[in-house]
Structures are given as C-alpha cells and as structure tokens.
Amino acid sequence: MVFDYIDGAAGQETGARRERKALDAVTLTPRVLRDVSTRNLSQSLFGQAAQRPFGIAPMGMCNLSAPGADLMLARLAAQYEIPHCVSTVASTPMEKIIEVAEGHAWFQLYYSGDGTHTFKLVKRAQAAGFETLVLTLDVPEVGRRPRELRHGFSMPFKLGPRQFLDFACHPRWSLATLKAGKPTLANFAKNGFEFDRTESRAMATWETLKHLRDAWPGNLVVKGVLYKDDATKLQSYGVDAIQISSHGARQLESAPAPIDALPEIRKAVGNQFPLFFDSGLRSGEDVLKAMRLGADYCFFGRTLQFAIAAAGEPGLHRIWDVFSDELSIAMAQIGASDLSQVRGPSDVEIN
C-alpha cells in the first residue's frame, strides 16, 4: 500500500510513461577537447549558493516510507545547503523540519476550501522562519489514482482489516512504524482544524494569488505550471519563480510531459526569470537535460523516498551521491565545467 501511494500516478498511468518517454527522447551532444578536469555543481538560488542544482520536492507523509524520513531529508538539505520543500501534509511539524534543515527549507502550500485555514498556515510558516513559499496549483481536485483506491489509502491515515493484513505481510516496515508511532499530518495538530484530503481546492483564483502575494513578504514560487500563457500571467502578478510540474503525473493522466513544456515556457518568460522543474527525473543526467532546455533548478521526489525505504538514511545519501556523480560525468561529456555553461539548446535534440 505504501509503495503504491508513493509510486502511483493518475488513471492508467500513461502520463507517467509519457513523462519518461519524453525525457528519454532528449539527447545531449558530446563535445571534445575542452578542459573539464574539474566541475562545479553549485548553483545560485534566490541569491544564495546551493551545493547542488537539485533539491527535495514537496512530498506528503514521507514518514510512511520509513520512520524519521522527513528529518533524514532535512539533514541532507542542511549538509548540501539545498531546499527541502516541506509539504502541507508533512508527517513532521514544519518548525522541526526547518530547525533540523538549518534554515534550508521552503514551505509548500495547498489552497483549500475558502482559504481561511490556508492563510493560517501561511502565518505559521512565516513565524517559523520560512522565507520561500511554494504555492501548488495543479490540484483543484485530488487526482484519481486507482492503486491508492484499491488499497483504501486515505489521509489522515486509517488502519482497517485490509491495511492490517497488508502490513502483516511486511514485518520490517510494520515493526519499525509501530515502534515509532503512526505517521500523522503534523502541520495540523496545532492549528485547531483537520486536513481533509478530499476537500475541493477549486476556489482559488487570480484574486487569491494577489491576496497571497500581498500577504507573503518572502519568495513566492508557483508550482504546477505547464502552459506558457499561465506562466506569463504569473510573472505579471509578481511571483518570484515558476515550477514546471505535472505533480509527478499524479493529477491529470493526459497532461503533457513537463520536459516538452519547458522550452516553450522559457521562451515566453525570457532568459532571466527563474524556472524550476520537477516530475519524472530519475538521474543526474535528467537534471542536465532539464537545465539545458531552460530550467534553473530541479527537484527530486519519489526516488528519494525509494532510497530511504530501501536502506534508510545511508540509502538516501547513496542515491544523492549517484545523482551528483551522474550530473558531473554528463557535464564532462558535453564539455561543461560549470553550470553557467549548461543553459542553451544549441546542442540539445528532442527525437
């Protein structure tokens, strides 16, 4: 059940396959006789240096993958000075995560209902010291994910006979989780209201965005954009960055592959406007493809939870090293020693 929650996508999951096929179709042309004996993987992000051009995407209920997963990710963020995007539905309080991440954390926000409770979370995030807010707008209604439905998955997490049998068949996970305690929606314990995952988020409008922009003094990122006209309008409303994303193909099965939308959106917003990218990334070379096509920064999601589930915190650091090595080697192959040399589609092909 937990694997299918993390791994699953909308509908028959053709969207997820489309994303992977589109990323595989992007090719990079090797270059020769360039001194690439040293490579720099650091990247500027809102005026601060991050040691990697990729961070941690917002993911709900990470502690389902393994007890303490949220704080494993926070420690990784602190070590590499990269953003850990803390989900609205994280299973560890936002205050604890930003503390362990040593400030290297952003807060991801869902707009729900009429927005009353949403803006309570905004104030709480500001009080906790978050300087960047990531407003996710690609979930007006929660996508239909058959794998979750077959298991009866819900938030808040509920344990019934079907789930009990499933967990009994996975004793390593079950015993560790039993010892640590059932994962909860930690950001709602102190707010006097419960999170309803099925509550409509369809009331958000451009006026909502204006209200949020006025209320939030820090960096405002809008996540879930795939259409160039939306991107340019978001620019005009004063957002600080846009994150191109399909929510990991978990929302609209027939949505276009984000990597295909990236060049068009880059052209529309101009070369200087910050564009971030997630969805479907599975390697450091994928990161290079996205940056070559116009992304300034990328985010990994599912793969980090898979690594934690497989081997705990050492597994997380191992996959991080793999991504870093893959990116560095691919940079050498295309003749780039610094990420500032990466942007530009002149030798990128999409077959």
Side-chain angles (χ1 to χ4, degrees), residues 5 8 10 57-64 70 85-95 97-98 105-128 130 132-145 148-149 152-158 182-227 230 233-234 237-240 242-243 245-253 255 278 301:
Y5 163 64
M59 296 174 284
M61 297 289 283
C62 285
N63 287 358
L64 282 173
D70 280 325
C85 296
V86 181
S87 173
T88 291
V89 291
S91 38
T92 304
M94 64 172 83
E95 293 86 356
I97 293 178
I98 195 171
W106 299 354
F107 185 67
Q108 177 268 335
L109 181 72
Y110 287 123
Y111 183 90
S112 296
D114 64 2
T116 301
H117 298 323
T118 300
F119 279 90
K120 289 181 181 179
L121 285 173
V122 171
K123 291 180 179 179
R124 183 174 161 190
Q126 186 176 354
F130 286 87
T132 299
L133 191 69
V134 182
L135 176 64
T136 299
L137 291 179
D138 56 4
V139 192
E141 302 290 352
V142 176
R144 185 176 177 83
R145 303 165 197 160
E148 289 182 19
L149 297 174
F153 183 88
S154 64
M155 287 186 191
F157 187 64
K158 296 178 182 179
K182 182 179 75 172
T184 62
L185 300 173
N187 287 325
F188 295 86
K190 297 180 181 179
N191 280 55
F193 62 92
E194 294 185 356
F195 177 78
D196 182 358
R197 189 189 188 206
T198 64
E199 183 179 33
S200 176
R201 301 163 189 169
M203 291 178 65
T205 66
W206 290 100
E207 190 61 29
T208 305
L209 177 64
K210 184 179 183 300
H211 186 190
L212 183 61
R213 177 69 283 182
D214 292 342
W216 182 256
N219 302 312
L220 179 59
V221 180
V222 172
K223 181 180 183 296
V225 180
L226 290 172
Y227 185 49
D230 287 341
K233 191 168 182 177
L234 286 166
Y237 272 67
V239 305
D240 297 291
I242 290 169
Q243 190 154 327
S245 170
S246 68
H247 214 93
R250 292 165 70 81
Q251 285 304 111
L252 180 64
E253 183 179 11
D278 73 60

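One is the number of the first residue; the rest follow in order along the sequence. Because the structure is predicted, anything quoted here is derived from the model rather than measured.
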With no hydrogens and no angle check, is any side-chain donor or acceptor of [X] less than 3.5 Å from a backbone partner on [Y]?
{"X": "Arg213", "Y": "Val239", "answer": "no"}
{"X": "Asp240", "Y": "Val221", "answer": "no"}
{"X": "Asp70", "Y": "Thr92", "answer": "yes"}
{"X": "Thr118", "Y": "Ser112", "answer": "yes"}
{"X": "Ser91", "Y": "Thr184", "answer": "no"}
{"X": "Thr88", "Y": "Tyr110", "answer": "yes"}

[X] to [Y] - nearest heavy-atom pair and separation:
{"X": "Ala128", "Y": "Glu95", "result": "CB-CG, 3.9 Å"}
{"X": "Val86", "Y": "Ala90", "result": "CG1-CB, 4.0 Å"}
{"X": "Ser245", "Y": "Lys223", "result": "OG-NZ, 3.3 Å"}
{"X": "Leu64", "Y": "Pro183", "result": "CD2-CG, 3.8 Å"}
{"X": "Cys85", "Y": "Val134", "result": "SG-CG2, 4.5 Å"}

Measure the spacing between [atom1] of [X] and [atom2] of [Y] and express it to the nearest 0.5 Å.
{"X": "Leu212", "Y": "Tyr111", "atom1": "CG", "atom2": "OH", "value": "10.0 Å"}
{"X": "Leu220", "Y": "Asp214", "atom1": "CG", "atom2": "CG", "value": "10.5 Å"}
{"X": "Asp114", "Y": "Met203", "atom1": "CG", "atom2": "CE", "value": "6.0 Å"}
{"X": "Met61", "Y": "Asn63", "atom1": "CE", "atom2": "CG", "value": "8.0 Å"}
{"X": "Ser87", "Y": "Phe107", "atom1": "OG", "atom2": "CZ", "value": "7.5 Å"}
{"X": "Tyr227", "Y": "Lys233", "atom1": "OH", "atom2": "NZ", "value": "11.5 Å"}

Would Arg124 and Asn187 count as a side chain to side chain contact (heavy atoms under 4.5 Å, CB included) here? Give the steps. CA-CA 9 Å; Arg124 183 174 161 190; Asn187 287 325; 4.0 Å; yes

Any side-chain donor-acceptor pair under 3.5 Å between Arg144 and Gln251?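 The answer is no; no qualifying pair exists.
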
I'd like to check [X] versus [Y] (side-chain heavy atoms, cut-off strictly below 4.5 Å). Are they in contact?
{"X": "Leu109", "Y": "Val122", "result": "yes"}
{"X": "Leu209", "Y": "Leu234", "result": "yes"}
{"X": "Lys123", "Y": "Lys120", "result": "no"}
{"X": "Thr136", "Y": "Gln243", "result": "no"}
{"X": "Trp106", "Y": "Leu133", "result": "no"}
{"X": "Trp216", "Y": "Leu135", "result": "no"}
{"X": "Leu226", "Y": "Ser246", "result": "yes"}
{"X": "Asp278", "Y": "His247", "result": "no"}

Does the gap between the ring centers of Phe188 and His117 come in under 6.0 Å?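 Between Phe188 and His117, the centre distance exceeds or equals 6.0 Å.
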
Side-chain ion pair, Arg145 and Glu253, N-O less than 4.0 Å: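 Salt bridge between Arg145 and Glu253, a charged N being under 4.0 Å from a carboxylate O: no.
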
Under the criterion side chain to side chain contact (heavy atoms under 4.5 Å, CB included), I'd like the reasoning laid out for Gln108 against Met59: C-alpha separation, chi angles, the key distance, then a yes or no. CA-CA 9 Å; Gln108 177 268 335; Met59 296 174 284; over 6 Å; no

Which residues pass the ring-ring contact (aromatic ring centres under 6.0 Å, His included) test with Tyr237, not counting sequence neighbours?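 Only Trp206 meet the ring-ring contact (aromatic ring centres under 6.0 Å, His included) criterion with Tyr237.
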
